[in-house]
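Notes for the one structure printed next.
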There are 2 protein chains.
Amino acid sequence: MGSVEERPRGPGRPPRLSRAAVVDAAAAVVDRDGIDGLTMRRVAEELDSSPMALYRHVRDKDELLVALLDRLVERLPRPDLPEDPRDRILVAFGVIHDGLAASPWVVGLLAAGDLMAPSVAWLIEEIHAGLVACGLPAERAVAAYRALWQFTIGELTIRDAGARVIPRADRPAVQTTTRTEVDPEVFPTLAAVADHWAAARGRDTYTEDLAALLDGLIACAPSFAYRVRESR
Amino acid sequence: MGSVEERPRGPGRPPRLSRAAVVDAAAAVVDRDGIDGLTMRRVAEELDSSPMALYRHVRDKDELLVALLDRLVERLPRPDLPEDPRDRILVAFGVIHDGLAASPWVVGLLAAGDLMAPSVAWLIEEIHAGLVACGLPAERAVAAYRALWQFTIGELTIRDAGARVIPRADRPAVQTTTRTEVDPEVFPTLAAVADHWAAARGRDTYTEDLAALLDGLIACAPSFAYRVRESR
DNA sequence: ACCTGAACACCGTTCAAGT
DNA sequence: ACCTGAACACCGTTCAAGT
């Protein structure tokens with residue numbers, strides 16, 4: 001089960017650290033101090049070692065971050081998925097979403113790539129198969145996957161930023177007209193809706209909203225400026 | 001038009017810098033060196049001044065970033081919006097999206113807040129009014145706005161990360177089975193779809209996908225595990 | 001082969017002093 | 001009132017040396 005990455009055992013000083021130990025230590029630091037607290041120096045401290053020792057096992061800090069992400073993805077649960085293709089898609093994305101939501105700092109890294117780590121390829125396969133089973137031709141299935149992924153990244157990004165901003169409630173991000181104190185004369189709808197806004201702030205509607213997007217994609221929302229019509 | 005923020009003109013040394021000058025200089029630095037190149041020291045250099053001079057005009061670097069975001073939002077275009085509520089929503093989001101896509105580094109900041117800067121409140125109002133006009137009750141209109149915003153943030157996040165990653169093509173983000181070299185025996189759908197994936201990489205389908213999400217939300221995608229049925 | 005220590009080129013920010 | 005200069009407590013990383 002454990003990766004059998006025996007390096008060539010030449011002569012010389014025997015290793016005290018290992019790549020896995022470095023990555024585990026980094027994970028411990030992130031859990032304790034957050035992603036901003038992750039520094040090479042602190043990881044070294046965690047290992048009772050010197051900062052430069054890490055560089056024997058990871059190329060640089062960026063590579064350590066990627067290794068951290070891989071570690072997280074490998075640990076995603078592997079539940080059975082429902083039969084129904086639409087449900088299968090939603091559950092598969094749910095697995096990804098929930099697994100990453102617990103460590104939302106990964107989102108920045110994640111967005112760059114495509115999440116095709118070997119350990120999640122089965123989920124991506126299931127999602128694409130589900131999209132095809134829902135009647136989408138290959139090209140549209142790929143486009144749909146992309147849109148669903150974009151939505152997922154957005155939800156996670158906002159979730160992360162929201163959690164991160166709490167300690168600094170004194171200064172809002174964008175200079176804000178707190179949305180509850182909007183002038184009903186000039187912005188009537190915003191004023192009418194203000195109460196619901198506050199209530200919605202906390203709710204987790206990821207799967208519902210993802211389902212809406214999925215249904216819209218399956219129905220093949222016709223291009224802009226035209227109304228929905230029956231297609232296929 | 002220009003903000004008339006005359007500070008009390010007491011006795012003492014006359015100001016050489018101003019908050020606006022600092023923010024403009026910061027914008028110039030970001031344009032030249034990217035968001036990672038934005039340092040207090042460089043902004044000071046841009047102004048032929050010392051790093052600490054900036055702290056008379058902005059509280060700290062975070063506040064400078066927020067000011068930079070405000071500057072950007074204020075400069076969004078203010079086009080006329082179409083009559084049709086669905087089109088109005090799509091165009092309004094398009095204005096926001098396109099304006100921010102040109103400076104995708106803002107996304108991280110943006111995600112934290114709610115984009116209720118006074119200068120875009122009119123757009124947010126229009127979007128909410130459009131959603132209500134599409135038949136959504138207040139609560140669902142707010143939920144829909146949130147979902148559309150999440151999707152927008154996701155698209156921008158991925159766009160930014162994709163642009164940012166180019167210089168380091170040597171090391172993929174997540175360890176990747178490049179998706180074109182997937183084993184068709186074990187991942188048949190992925191293999192079948194691989195060509196379309198490469199083709200889709202570059203296409204900008206933001207508005208189309210946003211329209212799909214919007215239509216799904218208007219149709220009120222029923223909760224998970226149930227199929228679409230007629231509601232209202 | 002693996003690790004250490006000192007050093008370099010950076011950060012944001014505080015603090016005391018100049019004009 | 002506004003700006004400067006030196007200094008502090010950090011970074012990631014290079015380089016030469018130890019075992």
Side-chain angles (χ1 to χ4, degrees), chain A residues 5-26 29-30 32-69 105 108-109 164 167-168 170-171, chain B residues 5-26 29-30 32-69 105 108-109 164 167-168 170-171:
Chain A
E5 45 157 86
E6 309 272 332
R7 247 182 293 188
R9 262 283 186 283
R13 188 167 170 172
R16 199 171 68 78
L17 271 39
S18 68
R19 188 182 161 93
V22 169
V23 177
D24 285 347
V29 171
V30 170
R32 181 161 31 80
D33 305 331
I35 192 67
D36 291 334
L38 180 70
T39 69
M40 300 304 269
R41 287 169 146 94
R42 270 211 260 245
V43 175
E45 210 173 325
E46 186 82 15
L47 293 164
D48 287 317
S49 153
S50 82
M52 285 316 298
L54 310 179
Y55 287 81
R56 190 75 23 192
H57 301 97
V58 295
R59 170 147 47 144
D60 53 21
K61 192 184 177 182
D62 273 4
E63 199 192 270
L64 178 55
L65 283 168
V66 171
L68 219 40
L69 173 54
W105 52 266
L109 289 177
R164 191 184 288 264
R168 312 230 34 162
D170 52 322
R171 178 212 309 144
Chain B
E5 45 157 90
E6 309 272 331
R7 247 181 295 187
R9 260 285 187 280
R13 187 167 171 171
R16 199 171 67 78
L17 272 38
S18 67
R19 187 182 162 95
V22 170
V23 177
D24 285 347
V29 171
V30 170
R32 183 161 32 78
D33 305 332
I35 191 67
D36 292 334
L38 179 69
T39 68
M40 300 304 270
R41 288 167 146 95
R42 268 209 260 243
V43 175
E45 211 173 323
E46 187 83 14
L47 293 163
D48 287 317
S49 151
S50 82
M52 287 314 301
L54 310 180
Y55 287 83
R56 190 76 23 191
H57 301 97
V58 293
R59 168 143 52 140
D60 52 21
K61 193 183 176 183
D62 272 4
E63 200 192 89
L64 178 55
L65 283 168
V66 171
L68 219 39
L69 173 52
W105 51 267
L109 290 178
R164 189 184 289 265
R168 312 231 32 161
D170 53 321
R171 178 210 309 144

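Every value quoted in this text rests on a predicted model; they were computed, and no experiment measured them. So you know, we letter chains A, B, ... as the sequences are listed, proteins then strands, and number each from 1.
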Nearest to the B:His57 side chain among D:dC3, C:dT4, C:dC2, which nucleotide is it? D:dC3

Between [X] and [Y], what is the shortest heavy-atom contact and its length?
X	Y	result
A:Ala25	A:Val43	CB-CG1, 4.0 Å
A:Val23	A:Leu68	O-CD1, 3.6 Å
B:Ser50	B:Ala44	C-CB, 3.5 Å
A:Leu65	A:Ile35	CD2-CD1, 3.9 Å
B:Arg16	B:Asp48	NH2-O, 3.2 Å

Using 0.5 Å steps for rounding, measure from the CG atom of B:Asp24 to the OG atom of B:Ser18. 7.5 Å

Give a yes or no on whether the backbone of B:Val29 and the side-chain of B:Arg42 come within a donor-acceptor separation of less than 3.5 Å. no

Return yes if some donor-acceptor pair links the side-chain N/O of B:Asp60 with the main-chain N/O of B:Glu63 below 3.5 Å, else return no. yes

Euclidean distance, atom [atom1] of residue [X] to atom [atom2] of [N] [Å, nearest integer]:
X	N	atom1	atom2	answer
B:Leu17	D:dA1	CG	P	17 Å
B:Leu54	D:dC3	CG	P	10 Å
A:Asp36	D:dG12	CG	P	11 Å

Tell me, please, which residues at least two apart from A:Arg41 pass side chain to side chain donor-acceptor pair (under 3.5 Å). none

For A:Arg32, which residues count as a side chain to side chain donor-acceptor pair (under 3.5 Å) partner, sequence neighbours excluded? A:Glu46

Contacts under 3.5 Å, N or O only, protein and nucleotides 8-11 of chain D:
from	atom 1	to	atom 2	distance (Å)
D:dC11	N4	A:Arg41	NH2	3.4

Could you give me the stems involving DNA chain D, meaning stretches of three or more consecutive Watson-Crick or G-U wobble pairs whose two defining distances are both below 3.5 Å? C:4-8 with D:12-16, C:12-16 with D:4-8

Tabulated below should be each protein N or O lying under 3.5 Å from an N or O of nucleotides 14-19 of chain D; please produce it.
from	atom 1	to	atom 2	distance (Å)
D:dG18	N2	A:Arg13	NH1	2.7

